[in-house]
Amino acid sequence: MRRKLAAGNWKMNGTLASLGEVQALSRSHTAPKVDILLCPPTPLIWPMASARDGDQVMVGAQDCHANTSGAHTGDVSAAMVKEAGATAVILGHSERRTDHGETSELVENKVNAVWKQDLLAVICLGETLKEREDGDTLAVVGEQLAASTPEGANGENTVIAYEPVWAIGTGLVPTLDQIAEVHDFLRAELTARFGETTANDIRLLYGGSVKASNAAEIFAVSNVDGALVGGASLKADDFSPIVTALEASV
Ligand code: 13P
């Protein structure tokens with residue numbers, strides 16, 4: 001069975017003073033029934049990995065370059081974030097696709113770079129409000145899934161996060177039926193491409209305005225294997241109940 005995953009994306013938030021949150025989270029979940037991952041800004045990866053109380057909270061990066069090294073000012077490689085203590089990397093977040101013009105083809109190259117370091121790739125996809133209103137949601141996420149996910153994806157190296165762009169940071173959440181429709185579709189697409197056994201091992205996260213008050217109902221939706229949480233992952237007091245809700249769904 002897929003082990004559920006509660007992942008937090010701190011985005012460009014947090015300082016050394018925030019590391020008490022990871023300690024509090026570690027102490028609240030000493031033997032979690034689910035995987036827990038926090039992805040801080042790059043300079044905090046090493047301090048966060050060092051500040052944890054035990055290794056029950058995994059630390060991840062929010063992006064990396066597709067190349068191993070070279071003249072790429074401001075970028076970091078998968079090997080570098082691994083050395084800093086990351087075991088996972090978020091790739092293709094809609095904010096990277098929008099702010100930095102990242103294409104699914106680039107994301108696919110980054111996934112390969114992450115796999116080469118034996119890190120877990122958390123591949124993000126999701127439709128804009130206009131795309132949803134135009135009835136293009138499944139076409140858009142299907143295309144992003146196909147183009148961002150290299151051959152060789154499996155449950156050990158890949159997590160897919162469905163994050164509707166219009167639900168990120170807005171307080172808006174799709175209906176449970178809408179989430180189920182997309183997650184069932186993603187599972188079917190993975191099955192068609194990688195076969196049932198492999199597809200059934202790949203975790204599908206929902207992301208976009210997840211908080212303690214809506215987590216349990218979202219975790220009850222078919223093919224939702226956890227969440228990728230932004231704002232509500234910054235404080236242990238907000239994230240811990242989400243982890244607990246996920247554990248209750250196991
Ligand atoms: P929010 O939970 O703040 O809506 O952000 C979701 C997200 O983008 C996580 O990657």
Side-chain angles (χ1 to χ4, degrees), residues 4-14 18 21-22 25 34-42 44-45 48 57-64 81 86 88-100 102 104 107 110-111 114 119-129 131-132 137 140-141 144-145 148 158-176 178-179 182-183 186 203-219 221 224-246:
K4 308 226 170 193
L5 171 62
N9 174 9
W10 278 17
K11 310 191 178 184
M12 201 169 71
N13 297 293
S18 320
E21 302 301 332
V22 74
L25 190 66
V34 300
D35 287 344
I36 306 172
L37 169 68
L38 277 184
C39 301
T42 310
L44 290 182
I45 293 174
M48 181 180 279
V57 176
M58 297 183 290
V59 179
Q62 299 174 13
D63 177 50
C64 69
V81 300
V89 185
I90 297 171
L91 294 170
H93 192 282
S94 68
E95 287 149 16
R96 302 253 1 135
R97 291 180 190 259
T98 303
D99 293 357
H100 299 272
E102 292 198 1
S104 292
V107 174
K110 291 183 174 197
V111 174
V114 159
L119 300 174
L120 177 69
V122 180
I123 304 172
C124 302
L125 32 95
E127 82 287 1
T128 62
L129 187 57
E131 289 163 342
R132 175 159 286 276
T137 298
V140 168
V141 299
Q144 289 177 333
L145 179 72
S148 306
T158 301
V159 168
I160 305 294
Y162 168 56
E163 300 202 302
V165 177
W166 53 274
I168 295 176
T170 57
L172 301 173
V173 181
T175 65
L176 301 178
Q178 287 172 327
I179 295 175
V182 173
H183 280 242
L186 292 173
R203 291 172 286 185
L204 302 179
L205 308 184
Y206 168 77
S209 298
V210 175
K211 38 193 188 294
S213 56
N214 61 17
E217 61 182 24
I218 291 171
F219 295 150
V221 172
V224 171
D225 303 311
L228 181 54
V229 183
S233 72
L234 293 170
K235 297 275 176 227
D237 280 350
D238 295 327
F239 195 44
S240 181
I242 294 173
V243 174
T244 302
L246 188 59

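Start at 1 and go down the list; that is how both ligands and their atoms are numbered.
- Those atoms of ligand 1 that come under 4.0 Å of a heavy atom in G231, given as number and element, are 1 (P), 2 (O), 3 (O).
- Between the side chains of H93 and Q62, no donor-acceptor pair of N or O atoms lies under 3.5 Å.
- In this structure the side chain of L5 never reaches within 4.5 angstrom of the side chain of D225, judged on heavy atoms.
- The residue from G230, C39, G169 that puts a heavy atom closest to atom 4 (O) of ligand 1 is G169.
- Between the side chains of E131 and T128, a donor-acceptor pair is found at a separation under 3.5 Å.
- Atom numbering of ligand 1 starts at 1 in the shown order; those under 4.0 Å from a heavy atom of S209 are 1 (P), 2 (O), 4 (O).
- Using modelled atom types, no side-chain atom of E127 and backbone atom of V141 make a donor-acceptor pair closer than 3.5 Å.
- Nearest-heavy-atom check against atom 8 (O) of ligand 1 across Q62, K211, H93 picks out H93.
- Close approach of ligand 1 to G208 is summarised as follows: ligand atoms under 4.0 Å from at least one heavy atom of the residue are 4 (O), 6 (C).
- For atom 5 (O) of ligand 1, the nearest protein heavy atom (residue, atom name, distance) is K11 NZ, 3.3 Å.
- Open room surrounds CG on D237; 12 or fewer heavy atoms of other groups in view lie less than 6.0 Å from it.
- Using a 4.0 angstrom heavy-atom cutoff, G207 does not count as in contact with ligand 1.
- With a heavy-atom cut-off of 4.0 Å, L228 touches ligand 1 through backbone and side chain alike.
- Set against the non-hydrogen atoms of E163, the atoms of ligand 1 under 4.0 Å away are 6 (C), 7 (C), 8 (O), 9 (C), 10 (O).
- Across V210, N214, I218, a single residue satisfies side chain to side chain contact (heavy atoms under 4.5 Å, CB included) together with I242, and that is V210.
- Below 30°, between 30° and 60°, or above 60°: for Y162 and H183 the angle between ring planes is above 60°, a perpendicular geometry.
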